[in-house]
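When reading the values below, keep in mind they use all heavy atoms of this one structure, side chains included, and skip hydrogens, waters and symmetry mates. For this chain, numbers begin at 1 and follow the sequence in order.
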Amino acid sequence: MKFRSLCPLVVGATLSALATTPLVARPHNGLWQHEWLMNQLINFSNVPDSIYSNVINNTSALSYVATGTLPVMTSVNEVSAIIRQLDMPYTNTMLGENRPAWQTYAIGQWSTGDFDNDPTRPIYNPESWGGLVGAQYWADEERLVGGTLSYNFSRANIHHNGGRIDNDNIRARLYAALVPEEQPWWAIIGVSGAYNYYDARRNLPLSSEEVTTSNPEGYEVGVFAAVNARLRITEGLQLTPFARIDYNYVHTNKFTEKSNVADPDSFRLRVKRFNTESIQTRLGSGLEYTKNFGAATLQCAISAAWVSELGGNDIEIRSELVNVPFYTKIDGDQMFGDGVEFIPTVALVFDNGLMLQASYTVFMTFEAQFTQNVSVGVGYRF
């Protein structure tokens with residue numbers, strides 16, 4: 001009886017939280033009309049500390065935002081890795097006959113993120129593992145074309161023991177670069193396409209330990225462009241300003257969850273529309289030091305950039321509960337917050353054509369987000 005008297009306060013606080021959360025731009029339509037939600041709260045014996053997140057996770061597809069953001073994260077990291085390997089000493093300093101016609105490379109990556117301290121952003125912590133293989137060909141002394149094929153496995157661990165979403169991503173990418181011999185700059189543009197498969201599990205704490213599962217599929221398309229410069233400061237030391245833009249669109253096919261609880265008591269969802277769009281810009285600069293040791297060239301670099309996620313209707317989800325006339329609209333204004341990115345890189349290029357590279361990326365926002373990426377690559381020119 002004590003809990004029954006608290007229900008109006010709990011529901012009212014939950015509605016207030018929904019209305020003021022930037023990711024959920026509109027309240028969940030139907031909350032005011034249905035006594036059903038109130039009854040579910042009354043029947044729950046204890047109020048969890050994460051009551052707001054629990055109510056939202058039970059009645060909406062908010063946790064599924066990861067199906068869009070995970071592929072975007074791996075795509076952006078791949079572009080960074082491609083640009084770094086292209087910016088190696090043998091690419092931009094060996095001209096004419098010394099420049100290799102073909103180059104092949106392979107890069108492995110690991111990424112993780114911490115969004116625990118920011119309730120207005122994705123309600124999960126991401127982690128991914130993957131790699132890519134690539135080849136590029138110099139069409140002449142200034143123009144290069146290349147392509148990559150990659151696989152990434154990503155996981156979103158939903159906060160408050162809310163479950164997890166796994167993503168298998170297969171992506172193909174083509175790019176072209178212009179590297180003028182007599183100019184201190186070079187530019188690159190590329191396009192990509194990907195297939196996404198998901199294995200999702202949601203734990204629903206307001207529904208008697210109900211667990212829902214789903215296996216959505218979808219596709220992704222992307223475009224990127226970047227301009228980089230190398231300005232000599234002194235022998236072996238260069239300033240490296242750059243600008244870059246990444247566009248990614250992720251479509252997840254509509255799907256209906258399965259549940260370990262029989263209908264009509266299940267909270268399982270039917271997701272009817274799901275699109276994610278990201279436009280991300282980077283503007284920054286760095287320092288690069290190059291030293292030749294005879295049989296090998298060492299490159300040490302560090303860069304810093306301001307990263308901005310351009311505003312707009314980035315996340316659009318339309319869903320409904322299968323067994324109750326209750327539907328939700330989720331329109332997100334930003335996928336990630338604006339922040340600062342730092343990347344130290346070390347590379348070693350041998351005269352026999354072998355290249356080794358390692359880099360570490362850390363991204364921090366003012367909304368308490370933190371992501372990091374470790375990239376290790378090996379390449380060969382011939």
Same apolar cluster (I L V M F W Y, side chains within < 4.5 Å links), L144/I83: yes
Approximate separation, where rounding is to 0.5 Å, of N275 CG and R318 CZ: 9.5 Å
I165 side chain reached by R202 side chain, heavy atoms, under 4.5 Å: no
Over all atoms of both residues, closest heavy-atom pair of V250 and T67: CG1-O, 3.9 Å
Inter-residue atom distance R164.CZ - R201.CZ, 0.5 Å rounding: 7.0 Å
Heavy-atom check, side chain of L70 versus side chain of Y198, under 4.5 Å: no
Least distance between heavy atoms, V307 atom then F363 atom: CB-CE1, 3.7 Å
ILVMFWY network linking V340 to Y360, side-chain heavy atoms under 4.5 angstrom: yes
R230-N228 side chain donor-acceptor pair, cut-off 3.5 Å: no
Any residue meeting salt bridge (Lys or Arg N to Asp or Glu O under 4.0 Å) with E78, in chain and number order, not counting sequence neighbours: R171, R173
Single-linkage hydrophobic cluster V346~L356, side-chain heavy atoms < 4.5 angstrom: yes
Whether R268 side chain and T213 backbone form a donor-acceptor pair below 3.5 Å: no
Contact summary for L86 and A177, nearest pair of heavy atoms: CD2-CB, 3.9 Å
Donor-acceptor contact present, side-chain S308 to main-chain T281, <3.5 Å: no
Fellow cluster residues of Y195, listed by chain then number, with links counted only when side-chain atoms sit under 4.5 Å apart: Y197
Minimum heavy-atom distance P71-N167, with the two atoms named: CG-OD1, 3.8 Å
Distance-only polar pair, side chains of T290 and Q238, donor-acceptor under 3.5 Å: no
Residue pairs fulfilling ring pair (Phe, Tyr, Trp, His ring centres under 6.0 Å) with at least one residue in residues 224-251, sequence neighbours excluded: Y219-H251
Residue pair Q85 / Q103, side-chain donor-acceptor N/O under 3.5 Å: no
Closest heavy-atom pair and its distance - M355, V349: CG-CG2, 3.7 Å
Connected hydrophobic set around I233, excluding itself, where side chains approach under 4.5 Å: L231, L237, L239, L287, Y289
Single-linkage hydrophobic cluster I158~F255, side-chain heavy atoms < 4.5 angstrom: yes
Under 3.5 Å side-chain donor-acceptor pair for Y64 and S214: yes
Backbone N/O of V211 and side chain of N260: donor-acceptor pair under 3.5 Å: yes
CD-CD distance between Q183 and E142, expressed to the nearest 0.5 angstrom: 8.5 Å
For A243 against L283, the heavy-atom pair lying closest together: CB-CD1, 3.9 Å
Results of side chain to side chain donor-acceptor pair (under 3.5 Å) for W129 - residues two or more places apart only: none
Test item: side-chain donor near acceptor, W110 and Q372, under 3.5 Å: no
Note, R244 side chain near S80 side chain (heavy atom, < 4.5 Å): yes
E309 side chain to S278 side chain, donor-acceptor N/O pair below 3.5 angstrom: yes
Student check: side-chain heavy atoms of I188 and V179 closer than 4.5 Å: no
Side chain to side chain contact (heavy atoms under 4.5 Å, CB included) assessment of I107 paired with R84: CA-CA 11 Å; I107 300 173; R84 283 194 297 270; over 6 Å; no
Stepwise side chain to side chain contact (heavy atoms under 4.5 Å, CB included) test for L178 and R143: CA-CA 5 Å; L178 176 65; R143 285 179 284 272; 3.9 Å; yes
ILVMFWY cluster, I189 and W186 together (side-chain gap under 4.5 Å): no
Side chain to side chain, Y124 and V65, heavy atoms closer than 4.5 Å: yes
Gap between atom CG of N253 and atom CZ of R273 - 0.5 Å precision: 14.0 Å
Pairwise distance CE(M73) to CG(N248) - rounded to 0.5 angstrom: 12.5 Å
side-chain hydrogen bond (donor to acceptor under 3.5 Å, both in side chains) between D168 and Y151, worked out: CA-CA 7 Å; D168 292 283; Y151 168 78; 2.4 Å; yes
Option from T361, V362, T74 for which side-chain contact (heavy atoms from CB on, under 4.5 Å) with N373 holds: T361
Validation row: T212, L269 side chains within 4.5 angstrom (heavy atoms): no
Point-to-point distance, once rounded to the nearest 0.5 Å, from OG of S192 to OH of Y175: 13.0 Å
Non-hydrogen side-chain atoms of Y105 and L132 separated by less than 4.5 Å: yes
Shared-cluster residues of V322, by chain and number - hydrophobic side chains joined below 4.5 Å: none
F153 vs D166, side chain to side chain contact (heavy atoms under 4.5 Å, CB included): CA-CA, chis, key distance, verdict: CA-CA 7 Å; F153 172 81; D166 294 341; 3.7 Å; yes
4.5 Å side-chain heavy-atom contact, F342 and I302: no
